[in-house]
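Small disclaimer: the values here were computed from a predicted structure and weren't measured. Chain identifiers are assigned alphabetically (A, B, ...) following the order of the sequence lines, protein sequences preceding nucleic acid strands; residue numbering begins at 1 within each chain.
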Amino acid sequence: MLDPASHLPHRFPFLLVDRVLERQVNVKVRAEKLVTFGEPYLQGHFPGRPMVPGVLMLEMLAQASAFLEEALDDQPVFLAQVVDARFKVPAFPGDHLVLEVAPEARFGSLLRIHGTVTCEGHVLCSAKLLLKKGSALEVPA
Amino acid sequence: MTPDQIDDTAPLFGDGLGLDSIDALELVLGVEQTFNVKIEDEVSGLRAFRNVDSLTAFIAEKQAP
């Protein structure tokens, strides 16, 4: 079983992949994240009505995408662009989230992926993301 | 900006047209879809993407029978 923490530099409270369920290099990754009441951000988002912020679902997809790469190392994957993101249903404590990502295009260290976050077969979030592996994106002024 | 406002010899990235590395992927995909020309790697991409003239030459060379 692949240990996400050994290949992602993220740590609590920002390691947002619990397990990698399926990994086909450059084709598809399926991973999972269990949402618990212990997530620090749920205290304030929102008091008495906890739900996972949509941007964190994008971060989950970005972290899961690191496992599409052939070389597994602890090089971070940075978000470079959110091309399209749809949040259809919120995620709540107790939800078992399945993160599915697949590459759409690649050029150099840039990778565009399509991903979905589902819970019990329902799509909560779908997005296209542009990611850059290695160093943070340097955009010329 | 219209196509005729683009200087064919001005750099596409940085000071010239001002594209950034995020645009590079879009450009790669656009060239592939429109001209059916694959840009295999970063090295050939950087050569092709110097300016409009170099991109035109690159596509013409790849399309030559």
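Distance check, rounded to the nearest 0.5 Å: CG of B/Leu29 to CZ of A/Arg112 gives 5.5 Å. Rounding to the nearest 0.5 Å gives a distance of 7.5 Å between CG of A/Leu130 and CD of B/Glu26. Considering CZ of A/Phe107 and CG of B/Asp41, their distance stands at 7.5 Å, rounded to 0.5 Å.
Residues A/Val17 and A/Leu34 are members of separate hydrophobic clusters, defined by side-chain heavy-atom contacts under 4.5 angstrom among Ile, Leu, Val, Met, Phe, Trp and Tyr.
The two residues A/Leu110 and B/Ser21 have their closest heavy-atom pair at CD1-O, 3.0 Å.
In A/Glu120, the CD atom is not crowded: 12 or fewer heavy atoms of neighbouring residues, nucleotides or ligands sit closer than 6.0 Å. In A/Arg49, the CZ atom is not crowded: 12 or fewer heavy atoms of neighbouring residues, nucleotides or ligands sit closer than 6.0 Å. Residue B/Asn36 places its CG atom among 12 or fewer non-hydrogen atoms of other residues, nucleotides or ligands, all under 6.0 Å distant. Dense packing is recorded around CD of B/Glu32, with more than 12 heavy atoms of other residues, nucleotides or ligands lying under 6.0 Å away.
Contact annotation for A/Arg106: only backbone heavy atoms (N, CA, C, O) come within less than 4.5 Å of a heavy atom of chain B.
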